[in-house]
Number of protein chains: 2
Amino acid sequence: MHRMAAKSLKARGGSGAGKRRAGAAGTGPGRRPTISREDLISAALGLVGPHRSISTLSLREIAREAGIAPNSFYRHFRDTDELAIALIDLAGRSLRKIIGHARHRASAERSVIRTSLESFMEQLGADEKFLHILLREGNTGSEAFKRAVERELRFFEDELCVDLVRLARANNSPIAEPALAAKAITRLVFAMGASALDLPREHHAAILEQTVVMLRMIVTGAQRMASENIAAG
Amino acid sequence: MHRMAAKSLKARGGSGAGKRRAGAAGTGPGRRPTISREDLISAALGLVGPHRSISTLSLREIAREAGIAPNSFYRHFRDTDELAIALIDLAGRSLRKIIGHARHRASAERSVIRTSLESFMEQLGADEKFLHILLREGNTGSEAFKRAVERELRFFEDELCVDLVRLARANNSPIAEPALAAKAITRLVFAMGASALDLPREHHAAILEQTVVMLRMIVTGAQRMASENIAAG
DNA sequence: GCCATTTATATACATATGTATAGACATGTG
DNA sequence: CACATGTCTATACATATGTATATAAATGGC
């Protein structure tokens, strides 16, 4: 992906790419595909790690890892950036599902937040590649890639904002600026998660507790600010 | 820097590198260096940007940018990772100086934090490359590189913690867990700064205000939690 | 000027990259 | 079976990379 960012800024129109996509599998004459987009994404996932950012993967090494000739790559993705963006989408979807389950399991006052955070940390410790990439690769890469990451963060902020508003109402304890509080929480959790990635597993529980305290500060502060606003208004 | 991370993990001992360093300039026979470490760092700075992470720069393109033959690079740095680490050190030092000045200029209650944040945002808007790199490149790269970035973050946390404790005492308004509050603030400011990088300059004032509100939540919450602890204790 | 030293360059090597073109292979349909 | 189609591979090309070796160039001391 060298110079890939500069390339991806030259818009070429997506029409040709759509037509050449390997999408007619199973519905007519022609060889069946032996490899899918998902196989290529898995190959890329097998290559990224703490010291290999997705933006440093070359098309040829992904193809090699997937067991295909380099030129076959183009039948599935326009370039490696497109694969990276597809991967971020998948990662966000996966994490959203996990956090969604955690939200359903929560029942007590602050437990939505705590159980979400616990699920998050579990995934972190489970060596869940999707989550690792989301946490690590948010700030570099092509414009489109960064937008994809930002979009995932926004999903979490929006969901958390809804939760905060609902909790405030349920407890008759309003909070100031729920959208900002949600944004602060989300960004902080992602930052703490990214730091935790480089620490041994034994430290994860401590990071979780630290993060819980931080989140409590934000929520408590937002509640206090709301009651000050009411008193002042 | 392809595979540079894997290379940097194979410790080779720094002794040889120290001996071969271009350090005897001006004190004996021998050609004078025509280029310095700082020139190479400046060349690298000229190449990084929103879509070119430092970890993607090759030795040859840095040398080209600096106007030297590739092999001369080795007289100044062992490899590109060593340059990257030196750059992070420089960036941290530069930012620490700027924030230090802001701290000296502050006089009122919360103004240490606000003026520091304003200085931070000014630097952001001034296209200060050092700051951009610190914000963007914290989570990928070699172990040594990530440690260098983490070290810079720690410096800011420690300074802010001192400020928070001092403010709490001056106002007779204790705060709970000042170290955690400082960590939350630092991580959040860096995350918000990184997001701001990809937005037009007109949005920076809005991001600053959002960040101020978030920081107020944390401080207010920490104060509330401290008074609750006192009440419970 | 000669010499030792230090720095920089040129050249070479092996290997890696993305992409284009031509051909091979696998599949379903008539 | 022949054919059209869709997918994959092999080969080629131009260019890029990091690093090794030999040589050139610049400098100060004698």
Side-chain angles (χ1 to χ4, degrees), chain A residues 1-8 10 12 16-40 43-44 47 52 55-84 142, chain B residues 1-8 10 12 16-40 43-44 47 52 55-84 142:
Chain A
M1 276 218 254
H2 328 287
R3 316 277 172 70
M4 66 91 191
K7 275 193 197 169
S8 69
K10 298 180 193 165
R12 287 171 41 187
K19 205 173 276 175
R20 292 178 53 241
R21 193 66 54 85
T27 61
R31 182 175 172 165
R32 300 304 95 186
T34 62
I35 200 142
S36 66
R37 284 185 126 212
E38 282 68 39
D39 293 331
L40 284 172
L47 292 169
R52 286 301 310 278
S55 66
T56 66
L57 300 184
S58 73
L59 181 151
R60 278 177 178 252
E61 61 181 331
I62 297 170
R64 207 162 26 235
E65 180 76 13
I68 60 168
N71 219 45
S72 291
F73 186 95
Y74 293 105
R75 298 209 55 91
H76 303 272
F77 294 105
R78 192 189 62 241
D79 55 20
T80 51
D81 190 52
E82 191 178 305
L83 183 153
S142 72
Chain B
M1 276 220 253
H2 327 287
R3 318 280 171 69
M4 64 91 190
K7 274 193 199 169
S8 70
K10 297 181 194 162
R12 288 172 38 188
K19 208 175 271 177
R20 292 177 53 243
R21 195 64 56 84
T27 61
R31 181 174 172 165
R32 299 303 96 183
T34 62
I35 200 146
S36 66
R37 285 184 127 215
E38 281 69 41
D39 293 332
L40 284 172
L47 291 169
R52 286 299 309 280
S55 66
T56 66
L57 300 185
S58 74
L59 181 153
R60 277 179 180 249
E61 60 181 330
I62 297 170
R64 208 159 31 231
E65 181 76 14
I68 61 169
N71 219 46
S72 289
F73 185 97
Y74 293 104
R75 298 210 55 87
H76 304 272
F77 294 104
R78 192 189 63 242
D79 53 21
T80 51
D81 190 52
E82 190 177 307
L83 183 152
S142 72

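A, B, ... follow the sequence lines: proteins, then strands. Residue 1 opens every chain.
With sequence neighbours left out, the side-chain contact (heavy atoms from CB on, under 4.5 Å) criterion links A/Ala63 to A/Ile68.
OP1 or OP2 of D/dT9 has not a single side-chain nitrogen or oxygen of A/Arg64 nearer than 4.0 Å. At least one side-chain nitrogen or oxygen of A/His76 sits closer than 4.0 Å to the OP1 or OP2 atom of D/dC8. For C/dT7, the OP1/OP2 oxygens have no side-chain nitrogen or oxygen of B/Thr34 closer than 4.0 Å. When the side-chain nitrogen and oxygen atoms of A/Ser58 are compared with OP1 and OP2 of C/dA16, none of them lie within a distance under 4.0 Å.
The distance from atom CG of B/Leu59 to atom P of C/dA16 is 18 Å, rounded to the nearest whole Å. Rounding to whole angstrom units, CZ of residue A/Arg75 and C1' of C/dT19 are separated by 15 Å. Distance, A/Asp81 CG to C/dT19 P: 12 Å, rounded to whole Å. Atom CD1 in B/Ile62 sits about 12 Å away from atom C1' in D/dG18, given to the nearest Å. Between the CD atom of B/Glu61 and the C1' atom of C/dT17 there is a distance of 13 Å, given to the nearest Å. Rounded to a whole Å, the CZ atom of A/Phe73 is 13 Å from the P atom of D/dC8. Rounded to whole angstrom, the span from the CZ atom of B/Arg37 across to the P atom of C/dT7 amounts to 13 Å. In this structure, the CZ atom of B/Phe77 is 16 Å from the C1' atom of C/dT7, given to the nearest Å.
The listed nucleotides are D/dT9, C/dT7, C/dT9; the one nearest the side chain of A/Ala69 is D/dT9. The side chain of B/Ile68 sits closest to C/dT9 out of C/dA8, D/dC8, C/dT9.
With a 4.5 Å cut-off on side-chain heavy atoms, B/Leu59 and B/Phe77 do not count as touching.
Annotation for A/Ala44 and A/Leu57: closest pair O-CD1, 3.7 Å, computed over non-hydrogen atoms. Minimum heavy-atom separation, B/Ile35 to B/His76: O-CE1, 2.9 Å.
Looking only at distances, no side-chain donor or acceptor of B/Asn71 sits under 3.5 Å from a matching main-chain atom of B/Tyr74.
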Requested in this report: Produce a footprint string for nucleotides 20-30 of chain D: one letter per nucleotide, 5' end first; B if the base is under 4.0 Å from any protein heavy atom, S if only the sugar-phosphate is, - if neither.
Outcome: BB---BBBS--

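Nearest-nucleotide assignment on DNA chain C puts the 5′-proximal partner with B/Gly67, out of B/Gly67 and A/Pro70.
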Query raised in the report: side chain to side chain contact (heavy atoms under 4.5 Å, CB included) between B/Ile62 and B/Leu47: does it pass, once the steps are laid out?
Result: CA-CA 8 Å; B/Ile62 297 170; B/Leu47 291 169; 4.2 Å; yes

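The distance from atom CZ of A/Arg64 to atom CZ of A/Arg60, rounded to the nearest 0.5 Å, is 8.0 Å.
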